[in-house]
Amino acid sequence: MISLTDSQKIGMGLTGFGVFFLFFGMILFFDKALLAIGNILFVIGLAFVIGLERTFKFFFQKHKMKATSFFLGGVLVVLIGWPIVGVVLEFYGFFLLFRGFFPVVVGFIRRIPVLGYMLNLPFISGYVDKMSESNNMV
């Protein structure tokens, strides 16, 4: 069992609420207030989970500056009041930032009975394999 500190538990809660508010904001036709709350909670929760210094190092690595600028720029655009444009920028930045984790996530999902079966369907597996290849993600 993984032991978490109290700040990591708080961070998991904040990150979970952030994802919930982001999802709920998109369902409610890109409600800018919910998306802004979700963005703020997600970033703060991430900082609580992995620590402030490691969060700063993760986002501001030299090779991730493009991804960070898209992600944080999207957050800023949502806060300004253009939610659809901001969410598109955020998704692109999120994809660029976390693409190194996709092979691990796909491997984990393939071990889940129903989801693994769905990912191994002929017309889906080729696309998922292409996305999860770490060689093309540089």
Side-chain angles (χ1 to χ4, degrees):
M1 176 107 180
I2 299 173
S3 63
L4 298 174
T5 64
D6 288 338
S7 66
Q8 288 175 328
K9 291 176 186 176
I10 292 169
M12 293 295 287
L14 290 173
T15 305
F17 277 119
V19 170
F20 170 75
F21 277 110
L22 286 170
F23 179 71
F24 200 57
M26 285 187 277
I27 286 180
L28 292 176
F29 302 110
F30 293 93
D31 182 56
K32 60 184 171 185
L34 290 174
L35 290 173
I37 291 169
N39 284 325
I40 292 167
L41 289 176
F42 179 79
V43 172
I44 291 173
L46 188 65
F48 268 90
V49 170
I50 65 175
L52 196 56
E53 183 180 345
R54 289 179 66 193
T55 302
F56 187 77
K57 284 182 181 178
F58 175 76
F59 277 107
F60 295 105
Q61 294 175 8
K62 194 171 191 172
H63 66 280
K64 290 185 180 181
M65 288 307 293
K66 177 182 172 184
T68 299
S69 62
F70 272 103
F71 182 74
L72 295 179
V75 170
L76 183 66
V77 169
V78 167
L79 291 174
I80 289 173
W82 293 358
I84 295 174
V85 175
V87 168
V88 169
L89 291 173
E90 284 179 40
F91 277 148
Y92 181 65
F94 185 84
F95 176 75
L96 291 178
L97 277 171
F98 295 101
R99 65 184 171 189
F101 298 110
F102 288 151
V104 175
V105 171
V106 168
F108 176 76
I109 291 175
R110 283 200 167 147
R111 292 186 189 131
I112 299 173
V114 175
L115 295 175
Y117 174 75
M118 290 173 58
L119 287 183
N120 288 326
L121 291 173
F123 53 92
I124 295 176
S125 69
Y127 180 71
V128 171
D129 289 341
K130 196 178 288 186
M131 277 190 59
S132 68
E133 287 178 357
S134 61
N135 296 340
N136 294 338
M137 299 295 187
V138 176

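Judged as a side chain to side chain donor-acceptor pair (under 3.5 Å), and not counting sequence neighbours, the contacts of R110 are N120, D129. For K32, the side chain to side chain contact (heavy atoms under 4.5 Å, CB included) partners are P83, not counting sequence neighbours.
Expressed to the nearest 0.5 Å, how far CG of L46 lies from CZ of R54 amounts to 10.0 Å. Here the CD1 atom belonging to I50 is positioned 11.5 Å from the OG atom belonging to S7, to the nearest 0.5 angstrom. Between the CD1 atom in I109 and the CG atom in L115 there is a gap of 6.5 Å [rounded to 0.5 Å]. Atoms CG and CD, from L97 and Q61 in turn, are 9.5 Å apart once rounded to the nearest 0.5 Å. One finds the CZ atom of F94 at 13.5 Å from the CZ atom of R99 (value rounded to the nearest 0.5 Å). In this structure, CZ on F60 lies 9.5 Å from OG on S69, to the nearest 0.5 angstrom.
Taking the centre of each ring, F95 and F102 come in below the 6.0 Å mark. Side-chain rings of F58 and F98 approach one another, their centers coming within less than 6.0 Å.
Following chains of ILVMFWY side-chain contacts shorter than 4.5 Å, one can reach V105 starting from I124, so the two form part of one hydrophobic cluster. Clustering ILVMFWY residues whenever any of their side-chain heavy atoms sit less than 4.5 angstrom apart, transitively, puts F29 in a cluster other than the one holding L22. F48 and V19 fall within a single hydrophobic cluster, where Ile, Leu, Val, Met, Phe, Trp and Tyr are joined by side-chain heavy atoms under 4.5 Å apart, directly or via other members. One hydrophobic cluster holds both V77 and F70 under the rule that ILVMFWY side chains link at heavy-atom gaps under 4.5 Å. One hydrophobic cluster holds both F17 and L34 under the rule that ILVMFWY side chains link at heavy-atom gaps under 4.5 Å.
With F21 as the partner, the side-chain contact (heavy atoms from CB on, under 4.5 Å) test is satisfied by one option alone out of I37, L35, D31: I37. Checking L79, V75, L76, V87 one by one against N39, the side-chain contact (heavy atoms from CB on, under 4.5 Å) holds for a single residue, V75.
In this structure a side-chain-to-backbone donor-acceptor pair under 3.5 Å is present from T68 to F59. Not a single donor-acceptor pair under 3.5 Å links the side chain of T15 to the backbone N or O of M12.
Annotation: side chain of I112 is in contact with side chain of F108 (closest heavy-atom distance under 4.5 Å). The closest side-chain heavy-atom distance from F24 to L28 is below 4.5 Å. Contact annotation: the side chain of V114 approaches that of M118 to within less than 4.5 Å [non-hydrogen atoms, C-beta and beyond].
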Practice problem: Please step through side chain to side chain contact (heavy atoms under 4.5 Å, CB included) for the pair L96 and K64, ending with a clear verdict. | Solution: CA-CA 8 Å; L96 291 178; K64 290 185 180 181; over 6 Å; no

